[in-house]
Amino acid sequence: MIENSFNRRGFLKVLGWGGATVALSGCGNTSVEDGREFVTSYVQTADYIIPSIGTYFNSTCAQCDAGCGIMGRVREGRVLKLEGNPKSSINNGKMCGLGQAGVQAHYNPDRIREPLLRNGDKGEAIPWGKALELINEKIGGVKAENIAFLTGGVSGHVKALLKNYLDALGSGHHYVYEAVAPSIMRAANRKTYGVEMPRLRLDKAKVVVSFGADFLGAWISPVHFSQQYARFRKADNGERGVLVQVESKMTLTGANADRWLAIRPGTEGILALGLINALAAAGLSVPGDVAAVVREYTTDRVSKDTGVSAEHIGRLAALLKERSPSLVIAGSAAEGYAHGSQNATAIALLNQVLGNVGKTVEAPSSIPFPQMAPSTGNRFALQSLNDNMAQDKVKVLFSYGVNPVFTAPASMKLKENLKKVPFKVVFAHYMDETALEADLVLPLNSALEDWATVMPEYVAEGAQLNIQQPLMEKLYPGTLGMGDILLALLKQRRPDEYKGYEDFYSYLRSAMVSNKGALGGSTTDDDTFWDATLSHGVVKLVSTPVNMSGNVSAKGLVVPGPFAEDSAYPFHLIPAVSASLRDGRNANEPWLQESPDPLTTIVWDSWVEMHPKTAAKLGIVEGDIVEVASRSGAIKAQVYVFTGIHPDVISVPLGYGHEAMGRYAKGVGVNAFKILDPVFDKETGELAMHETRVKVSKAGRRVVIVKDEGPAGGNQMGRKIAVRVSSNKVNLSEEV
Amino acid sequence: MGKDIREDIAWAQINKDVLKSLESPRRMYWVILFIAIAMIGVAVGCEIYQYTTGMGVANKNNSHVWSLYIATFIFWIGMSHSGTLLSAILHLMHADWRKPIYRFAEAMTTFSLMTAGLFVLVHLGRLWMVYYVMPYPNERWVWPNFQSPLVWDMFAIATYLSSSVLFLYVGMIPDLAICRDNIHAGWRKKLYTVMSLGWEGTDRQWRNFRITYLTIACFLIPLAVSVHSIVASDFAMSNMPGWHVTSFPPYFVAGALYSGCAAIITLFIILRYVFKFEEYMTLPIMKKLVRLTFAIAMVWTYLNLIEFASVWYGHDQTAKDQLIFKATGPYAPYFWAMIFFGSILPLMLAFKRFQTHLPILFVVSILLNVGMWLERWMIISPSFAHGHYPWTWDHDQWPSLVQWGIVFGSFGWFTLLFMVFCKVFPSVSMYEVKEMVYHRSLALKHKPAVKGDY
Amino acid sequence: MSITNLLENWSDFRQQHPSDDRPHREYKWAMSIDLDSCTGCNACSVACYAENNLPVVGKEKFAHGHSHHWIRIERYWDNDGREFADQGAQFLPMLCQHCESAPCETVCPVGATNHTADGLNSQVYNRCVGSRYCNANCPYKARYFNWYDYPTTDNVWPEPMNQQLNPDVTVRGKGVMEKCTFCVQRLTVAKSNARSAGRGVLDGEVQTACQQVCPTGAISFGNLVDPLAKVGKQWMTQQVELNKDKQAKDVKDVEEKAAKLRGYRILEELRTYPSVMYLEQLRESAI
Amino acid sequence: MYCFLRFSILLVGLIVSAGSYAVNAAQPLTTADDLGPKVEQPIEFPHDRHAGDAAKGGMQINCMYCHTYARRSIVAGIPPLQKCIGCHQNIESVRETPRIKKLFEYWEAKKAVPWKKVHDLPDFVRFNHERHIQRFVFAQNKPVQEACGYCHGDVKTMTVARRQKPLSMGWCVSCHQKDHPVDATSTKTTHGPNDCWQCHK
């Protein structure tokens with residue numbers, strides 16, 4: 001596709017951009033203005049380069065960890081828009097809004113443009129050579145075990161290089177931290193199935209019961225699940241899948257459910273066991289040990305504990321029995337408690353009793369290159385790093401791809417502990433909260449101007465390696481890719497091994513080409529293989545499904561009863577992960593701030609969701625500013641009242657409330673991470689995100705909520721606008 | 001009960017009384033003029049701000065795209081109608097009591113049209129492109145959209161304005177000649193000389209004058225009715241609930257005459273007081289005027305009720321919802337104020353006691369116009385706030401100070417124009433008053449004097 | 001600037017009411033949106049921002065209703081007083097309906113919005129004088145006015161964000177109306193390519209930005225004249241006809257048959273003849 | 001009296017006739033030549049030398065040899081520097097002339113020549129070269145220079161190109177309203193599209 005590197009670089013050069021002329025003078029009564037603008041012209045071109053016709057280059061989306069393949073439309077050297085890469089089995093040419101905003105991460109005006117060294121309170125621009133030398137110097141001065149590397153989920157060649165670098169340093173302290181990762185689910189899955197990420201086949205299921213898994217919004221790989229969901233809803237045989245969502249705060253997935261069951265927080269496991277009992281009573285064969293465990297979970301008791309009506313439990317059990325296969329998913333809402341692992345096990349047990357394992361819960365594939373396999377993160381990692389920092393065990397800290405100062409609960413005192421680390425290097429795109437604490441800030445290339453490979457954790461079938469390639473030339477000469485930085489650092493340590501690689505690109509190319517046999521290119525020559533790889537954007541890996549055990553033992557499964565009332569802190573706080581802001585890393589992309597939250601339609605601010613009953617009890621109306629106080633802290637935000645939430649629960653979205661980062665993120669909303677209580681899952685030691693108990697009090701002020709919804713709210717006022725009918729009234733198989 | 005015009009008043013006295021109003025103004029005049037200019041200044045400032053920043057500063061939005069500008073535009077257009085009513089319709093009907101008061105009414109017509117026209121410009125998002133609306137041969141080879149009521153508006157207003165100016169001017173020619181003959185130097189002399197077109201009062205001139213005046217009067221009447229009907233079709237032709245009503249044109253015309261008559265009462269009282277025109281703007285004339293206003297108020301009330309009733313009995317739930325919203329929503333105070341000022345308050349005018357009580361009439365006439373202005377606003381804003389599409393309903397988009405500033409300034413602009421007119425041109429038609437007096441004295445000769453009111 | 005030109009203004013460009021004697025010959029772009037597949041995820045809306053150079057207005061202007069989302073996701077509740085929204089929400093992507101008998105077209109004083117031969121409701125930014133009559137008359141309120149001059153407003157397209165602007169789409173200055181164009185810049189390219197190849201645009205050859213991004217494929221778009229087009233087949237199976245203001249579904253006496261149909265057009269009774277058909281959302285009756 | 005009537009009838013007649021004349025008489029726009037400003041280019045490119053008639057010392061190079069995108073893109077395009085050099089590195093005779101020296105300077109610096117736009121349409125206009133070339137050159141078999149010349153004028157006689165046509169909307173429409181044969185042989189005619197969105201974006 002690209003004949004030589006000169007062509008490629010030449011093409012990706014920004015051309016025809018004579019200042020603001022391209023499209024900005026839109027609507028004036030502009031007459032013909034000859035001789036002012038420049039014509040797009042090249043020194044050399046390739047055949048496929050035709051001015052004013054966009055060319056598509058495949059790459060990988062870096063907006064979240066799902067690893068969707070993207071296709072960037074490049075015109076005159078500028079990347080204009082991203083589309084989904086049809087060749088990627090994750091997203092098959094589709095995308096989400098978050099991914100669309102990738103261009104805004106790239107063109108963001110608040111990106112750091114050169115390395116900054118702390119000088120008092122200010123950052124002082126220094127050249128890269130000096131920065132890397134400084135790192136070398138600082139590392140030389142400390143013991144290897146005092147060096148810590150904190151990253152988000154990493155995979156592919158960057159991960160391999162990182163590992164090599166850590167090996168070269170002799171330190172194994174690599175903390176992989178993800179603020180909102182499904183890490184309890186991974187642990188629970190490992191326990192029940194022997195794998196962390198079994199493949200969920202919504203498209204094969206006739207009934208999906210999701211315990212708080214927002215798979216259409218922000219859970220694992222939403223674009224992929226959305227596509228499966230579409231097939232699930234519109235099966236080829238015309239039988240429409242039924243989605244039942246059980247959760248205490250309505251997620252986007254809950255909003256699309258045929259039945260949304262508001263459950264008392266933390267009692268998901270009880271409902272799962274109760275369903276098994278009801279299924280057993282309805283004649284489903286249930287193993288004896290399981291039956292013994294669930295016997296006490298009678299429908300009446302479960303209904304009383306969970307708040308889900310007996311009628312719905314009965315109907316759900318009947319539905320599950322009648323329509324098989326089904327799929328039961330345990331999501332973050334079920335797992336965010338101190339007994340989260342037990343909840344997950346109970347839900348996995350339900351899946352197993354229903355015989356879904358192997359049918360709709362499938363084994364993932366093995367990954368042929370374990371050194372590139374995704375290292376998944378959790379909150380436990382941050383906890384242990386924090387402990388080490390508190391004990392002055394960390395002398396040099398590298399931070400990449402995470403923003404722990406923003407995402408750590410205040411109770412961790414992370415910011416104070418960071419101050420104990422003498423030298424902190426932060427690789428960042430923005431001057432975010434963590435970068436502000438750094439001694440050395442190294443600016444990274446955006447995902448659209450960088451080379452990398454990404455191995456997604458969740459792939460539909462087999463395993464694949466995604467290529468991330470530059471879609472245009474670097475906007476700022478002062479930024480570098482993570483691969484390039486690691487390579488430069490490695491050259492300091494192991495010059496002989498790495499001196500052959502001019503830059504990360506040449507390293508990547510030679511690493512890929514030398515393994516082309518395993519990457520499906522055994523019969524082609526190097527250049528053809530490489531060109532094909534870049535043009536596809538994804539490489540299918542030769543892999544086989546791993547063995548997956550599906551035998552959950554009911555032994556020792558104890559699901560605690562519902563929470564006792566807490567008169568001082570009467571409400572459960574559910575920190576909601578929004579589909580666009582996630583853990584806050586995308587908060588500086590204005591499209592995401594301006595795209596209304598699907599359920600509340602609120603923009604540009606945080607809010608406190610509350611059930612009308614709760615609001616009435618507290619004498620609160622929409623727009624009241626309330627103080628939400630936990631034992632660890634308090635935040636103030638506007639109240640939004642709606643019926644998609646359990647009356648015992650209030651919910652605040654995550655990702656807002658940045659104190660730094662950039663013009664679009666700073667000062668917008670409040671940071672709900674801060675007030676999370678330090679309660680941990682008993683089995684995995686993970687932070688139990690939904691355990692925080694809060695009290696709510698009016699703070700006096702009232703504002704008009706900025707949202708898209710009008711005064712009619714979600715009421716159609718008798719007009720026929722959005723129509724809903726019962727599914728037995730139509731026959732989907734007759735439709736096109 | 002005051003006296004009507006004396007039949008024996010000397011013609012020279014008429015000239016003298018009226019020409020006195022053209023004399024150098026007193027201090028109060030300058031103060032008011034200054035205030036009017038200051039008001040215009042406010043509006044100009046607001047408009048410059050809006051022009052340079054964008055329409056957003058007026059605080060309208062995508063579902064509520066029109067607001068005070070259009071409301072006030074209709075208000076001023078409406079105001080213009082009674083001038084025509086008095087001068088043209090009553091002229092044809094030979095109602096001689098109109099004669100002392102039609103001149104300023106006619107001036108009012110012209111000036112309120114000039115004010116209304118400005119609102120069309122102020123309202124446009126791209127004022128600098130306004131010439132796109134005009135059909136003229138151009139290098140773009142495109143026409144305006146002749147289907148659009150706004151284009152009809154443009155034609156209607158332009159025609160009405162030019163005809164009104166012509167009518168005002170033509171009717172003034174004999175008086176201008178009197179002015180010319182009674183003033184001996186200065187710019188006024190030159191102005192009157194040029195403008196009186198060599199009028200000498202010959203028979204031939206009078207004959208041509210009468211026919212011209214009559215022709216324009218005949219031309220103007222359908223025009224006046226059509227102008228407000230066309231403005232009404234801006235609304236009636238759209239599919240907005242509450243606007244899509246066939247009775248809108250007569251409703252608008254009635255509203256127009258109503259607010260115009262009320263304005264005439266206001267100006268009548270002011271001129272009578274300021275220029276001491278008690279001899280000409282007499283109470284019997286006022287009484288007739290008030291009765292006319294009352295009649296029109298009742299017609300308007302009737303049409304208003306018809307509009308409500310047709311919505312009420314109709315099958316259009318959307319329009320019904322909207323009517324209920326108007327009466328109960330956030331606009332309810334304004335809605336009921338409009339009903340009170342427009343339909344309840346005029347009932348006062350039915351009482352003889354009030355028909356000649358000038359201070360009360362002054363206040364009431366102003367309040368009637370407040371009601372009429374509210375009526376226009378109640379047609380525009382609540383309809384937008386509560387249209388077909390509930391998602392985009394918008395119940396609290398209140399006009400910003402920029403809008404209020406421009407509306408406020410428009411009254412200054414009108415005042416300025418009117419005040420300048422009063423000092424430059426005779427605001428009472430001298431020759432027609434003479435005519436009136438002459439005819440009455442003739443009639444008196446044939447009839448024995450009757451005791452009591454005229 | 002001739003009389004013929006004037007007359008053509010009244011004939012070719014003006015679609016008063018769709019009628020059978022003047023059918024669309026080559027193309028009639030139309031859409032269908034399956035509300036049962038739509039999850040309300042907002043991807044379409046963001047994609048539209050990216051494709052069509054929509055300005056981000058910020059919180060304050062959004063609060064004043066000055067937002068620009070040519071396709072907006074509306075979220076309705078159907079609680080009927082129940083304690084919980086236990087059947088979820090009803091999401092509805094609302095965009096310009098490209099009505100065949102568009103109320104906006106007849107009222108624009110300068111003819112800035114017209115019907116094209118392809119059945120699109122065009123908006124010519126440079127012709128617009130900003131009277132906003134079109135939006136006043138749009139029952140769907142799917143038109144968006146440039147209340148401010150966004151290209152020169154701080155933090156709308158700060159350098160280098162302006163480099164992302166799509167050169168195929170004009171950046172609108174203050175005072176003009178804008179709305180969904182069915183991605184006409186893509187249609188034009190597709191039509192031109194097809195013409196050079198001596199054929200018509202094939203189904204699936206051109207996608208609107210919202211359709212292309214939609215993760216559940218809820219949006220289909222295509223040429224209603226093309227018998228092979230999916231969108232045409234959808235309209236056909238749902239028995240929704242472009243030129244009718246009452247569809248088979250609405251007619252009572254075929255109720256038996258109509259029960260299986262779920263295609264409808266919004267506010268059809270206003271006789272705007274929209275080009276967007278929606279498919280009703282379904283909810284399982286067994287649970 | 002009659003004088004007045006006569007006068008008004010005369011006036012009305014005058015307005016009507018002037019109006020109808022104006023309405024029908026705007027045609028001259030279609031043929032008006034409207035010379036654009038002189039545009040300073042980095043290199044004074046001699047179109048006459050390259051494309052001009054042989055009799056006048058030109059080389060009669062096809063327009064689309066250099067403006068190669070015209071047939072397949074909405075823009076005609078400026079040739080890449082590579083193309084200039086491709087010929088000129090073999091043309092020794094003019095190798096040392098100032099313009100060619102400048103050209104090679106750009107080439108050696110690997111810098112594109114910053115050509116200025118001569119035919120600059122407003123940003124809200126979409127003009128598609130491809131469609132016009134396909135229609136006139138390939139379907140109707142019109143000589144290339146003639147077809148390009150409809151809008152660009154007689155470029156082969158110019159050195160640096162200069163706008164010769166008004167490129168106004170009415171001027172575009174005037175041609176779109178004409179009936180053009182659909183191909184070289186057919187007698188069937190059609191005229192250009194009339195949709196606003198054909199050209200406005």
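Convention: sequence-line order gives letters A, B, ...; per-chain numbering from 1.
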Worksheet item: Is the closest side-chain heavy-atom distance between C:Arg132 and B:His123 below 4.5 Å?
Response: yes
Worksheet item: Can you check side-chain contact (heavy atoms from CB on, under 4.5 Å) on C:His64 and B:Asn61, steps first, answer last?
Response: CA-CA 7 Å; C:His64 287 284; B:Asn61 68 26; 5.7 Å; no
Worksheet, complete the sentence: Heavy-atom closest pair (C:Tyr144 atom, B:Asn62 atom, distance to 0.1 Å) is CD2-ND2, 3.2 Å
Response to the item:
Interatomic distance, CG@C:Leu267 vs OH@B:Tyr389, rounded to 0.5 Å, equals 7.0 Å
Fill in: Atom CG of B:Leu401 with >12 non-hydrogen neighbours under 6.0 angstrom
no
Worksheet item: How many angstroms lie between atom CG of C:Asn135 and atom OG1 of B:Thr392, to the nearest 0.5 angstrom?
Response: 8.5 Å
Worksheet item: In terms of heavy-atom pairs under 4.5 Å, which option from C:Arg75, C:His68, C:Met177 contacts chain B the most?
Response: C:Arg75
Worksheet item: Would you find more than 12 non-hydrogen atoms of other residues, nucleotides or ligands less than 6.0 Å from B:Phe408 atom CZ?
Response: no
Worksheet item: CH2 of B:Trp152: more than 12 outside heavy atoms within 6.0 angstrom?
Response: yes
Discussion item. Restricting to non-hydrogen atoms, name the atom on B:Ser148 and the atom on C:Cys108 that form the minimum distance, rounded to 0.1 Å.
Written reply: CB-O, 3.4 Å
Worksheet item: Are B:Asn145 and C:Pro109 side-chain neighbours, meaning at least one heavy-atom pair lies under 4.5 Å?
Response: no
Worksheet, complete the sentence: Cut-off 4.5 Å, heavy atoms of chain C, and the answer for B:Asp396 is neither
Fill in: C:Asp149 (side chain) donor-acceptor with B:Gly54 (main chain) under 3.5 angstrom
no
Fill in: Any B:Asn239 side-chain heavy atom under 4.5 Å of C:Pro139 side chain
yes
Worksheet item: Where does the angle between the aromatic ring planes of C:Tyr133 and B:Trp66 fall among parallel (under 30°), tilted (30 to 60°) and perpendicular (over 60°)?
Response: tilted
Worksheet entry | Leading residue by heavy atom contact count with chain B [cutoff under 4.5 Å; candidates C:Pro103, C:Ala112, C:Cys138, C:Ser131] | C:Ser131
Worksheet item: Do C:Met94 and B:Trp391 touch side chain to side chain, with heavy atoms closer than 4.5 Å?
Response: no
Discussion item. Could you report the tightest heavy-atom contact between B:Arg126 and C:Lys174, atom names first, then the distance?
Written reply: CD-O, 3.5 Å
Fill in: Contact origin within B:Ser400 toward chain C - heavy atom pairs under 4.5 Å
neither
Practice prompt. Can you tell which part of B:Thr53 gets under 4.5 Å to a heavy atom of chain C, answering side chain, backbone, both or neither?
Written response: both
Discussion item. Atom CH2 of residue position B:Trp398 - does it have more than 12 heavy atoms of other residues, nucleotides or ligands inside 6.0 Å?
Written reply: yes
Item to complete: Decide if atom NE2 of B:His244 counts as having more than 12 heavy atoms of other residues, nucleotides or ligands within a radius under 6.0 Å.
Response: no
Worksheet item: Which atoms of C:Arg72 come close to chain B, meaning under 4.5 Å heavy atom to heavy atom: side chain ones, backbone ones, both, or neither?
Response: side chain
Fill in: Portion of B:Phe235 that has a non-hydrogen atom of chain C nearer than 4.5 angstrom
backbone
Discussion item. Quick check for you: to the nearest 0.5 Å, what is the distance between B:His388 atom NE2 and C:Lys141 atom NZ?
Written reply: 8.0 Å
Worksheet item: Can you find a heavy atom in the side chain of B:Val65 that is under 4.5 Å from one in the side chain of C:Trp147?
Response: yes
Discussion item. For B:Phe155, is the CZ atom crowded, meaning more than 12 foreign heavy atoms sit under 6.0 Å from it?
Written reply: yes
Fill in: Atom group of B:Val57 that falls short of 4.5 Å from chain C, counting heavy atoms
both
Discussion item. Looking at B:Met237, is its backbone amide N or carbonyl O close enough to the side chain of C:Asn137 to form a donor-acceptor pair, meaning the two atoms are under 3.5 Å apart?
Written reply: no
